[in-house]
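Starting off with a structure, shown below.
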Amino acid sequence: MAEDVQDSLIPYDEIVQEALRAVVGRVLSEVVGSGLPGGHHFYITFKTQAPGVAIPTHLTEKFPDEMTIVLQNRFWDLVVGDAGFSVKLSFNQVTSKLDIPFAAITAFVDPSVDFGLQFHVDAADTHPEPHEQPENDQPLLGTDDGSNVVTVDFGKKR
């Protein structure tokens, strides 16, 4: 490539991020229609303070920056819309409704088939506070080489 590459006037990174978040929406929509097939289950990480996120106060207090939920055995009333989804999950025997816009999602993983998507996070959000494992389900995500994880992070030439 040429050394004097110009900054793009087309926001490719935003377009790709939006398209990949649509993958999450399509997958969740299929689960609404037919349930989770086989051993599929999802880890969804999202920014708890992102615009449009609506979760109970006790969860925001416990996870002030980022939270991971698991959709596997115990979730109810999954509803998927154009901009996001809502779901009811059990946390310490208490059912809570979560409304999560797709734009708030930072990671989507289906460990049963070694598939994952990671989304770009603004510089101000790159250092999330550590948090405990998800409490709504117990299966642990195995570590591997991440060969099927797609990371979208377009660097901008300055």
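Being a predicted model, the structure only gives us computed values, none of them experimental.
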By the side-chain hydrogen bond (donor to acceptor under 3.5 Å, both in side chains) test, which pairs, at least two apart or in different chains, include something from residues 19-35?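 Passing the test, one end in residues 19-35: Gln17-Arg21, Arg26-Glu30.
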
Can you tell me if Thr48 uses its side chain to pair, donor with acceptor, with the backbone of Asp65 under 3.5 Å?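 Answer holds: yes.
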
Close side-chain approach of Val31 to Phe75, heavy-atom, < 4.5 Å: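 The answer is yes; the side chains approach within 4.5 Å.
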
Output all residues satisfying side chain to side chain donor-acceptor pair (under 3.5 Å) with Lys97, sequence neighbours left out; order by chain, then residue number.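 Partners of Lys97 by the side chain to side chain donor-acceptor pair (under 3.5 Å) criterion come out as none, since no residue qualifies.
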
Can you tell me how far the CD1 atom of Ile100 sits from the CD1 atom of Ile105, to the nearest 0.5 Å?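 Those atoms lie 6.5 Å apart.
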
Test your reading of the model: is there a side-chain donor-acceptor pair from Ser90 to the backbone of Thr95, 3.5 Å cut-off?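 Checking the backbone N and O of Thr95 against the side chain of Ser90, no donor-acceptor pair under 3.5 Å is found.
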
To the nearest 0.5 Å, tell me how far Ile44 CD1 sits from Thr68 OG1.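 Result: 10.0 Å between the selected atoms.
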
With sequence neighbours excluded, what pairs up with Asp99 under the side chain to side chain donor-acceptor pair (under 3.5 Å) test?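 Asp99 satisfies side chain to side chain donor-acceptor pair (under 3.5 Å) with no other residue.
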
Could you work out, with side-chain contact (heavy atoms from CB on, under 4.5 Å) as the rule, every residue matching Ala50, not counting sequence neighbours?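 Applying side-chain contact (heavy atoms from CB on, under 4.5 Å) to Ala50 gives Lys47, Val53, Ala104.
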
Grab the two heavy atoms, one from Gly39 and one from Ser112, that are nearest each other, plus how far apart they are.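 Heavy atoms only, the tightest pair is O-CB, 3.2 Å.
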
One pair to check against side-chain contact (heavy atoms from CB on, under 4.5 Å): Val16 and Phe119. What are the steps and the verdict? CA-CA 10 Å; Val16 170; Phe119 301 99; over 6 Å; no

For residues Gln118 and Val109, determine if any side-chain heavy atom of one lies less than 4.5 Å from a side-chain heavy atom of the other.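 No, side chains not in contact.
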
Can you measure from CG (Leu117) to OG1 (Thr45) and round to the nearest 0.5 angstrom?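 Here the rounded value is 11.5 Å.
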
Would you check if there is a donor-acceptor pair between the side chains of Glu66 and Thr106 at a distance under 3.5 Å?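 Thr106 vs Glu66: donor-acceptor pair found between side chains.
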
Would you compute the distance between atom CD1 of Ile55 and atom OG of Ser96 and round it to the nearest 0.5 angstrom?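 Those atoms lie 9.0 Å apart.
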
Residues which pass ring pair (Phe, Tyr, Trp, His ring centres under 6.0 Å) with Phe42, listed by chain and number, not counting sequence neighbours: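 Testing Phe42 for ring pair (Phe, Tyr, Trp, His ring centres under 6.0 Å), a comparison that skips the adjacent residues, returns Phe108.
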
Quick one: pull up CG in Leu28 and CG in Leu36 and give me the separation to the nearest 0.5 Å.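 Here the rounded value is 9.0 Å.
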
Please assess Ile69 against Leu89 for the test side-chain contact (heavy atoms from CB on, under 4.5 Å), listing each intermediate value before the final yes or no. CA-CA 9 Å; Ile69 59 172; Leu89 297 168; 3.7 Å; yes

If you take all heavy atoms of Leu78 and Phe85, which pair is closest and at what distance?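 The answer is CD1-CD1, 3.8 Å.
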
First locate atom CG of Asn73, then atom NE2 of His41, and finally report the distance between them rounded to the nearest 0.5 Å.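 The CG atom of Asn73 sits 8.5 Å away from the NE2 atom of His41.
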
Can you hop from Val79 to Phe102 via hydrophobic side chains spaced under 4.5 Å?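 Each belongs to a different hydrophobic cluster.
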
Partner residues of Ile10 under the side-chain contact (heavy atoms from CB on, under 4.5 Å) criterion, sequence neighbours left out: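 Ile10 satisfies side-chain contact (heavy atoms from CB on, under 4.5 Å) with Ser8, Tyr12, Ile15 once adjacent residues are dropped.
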
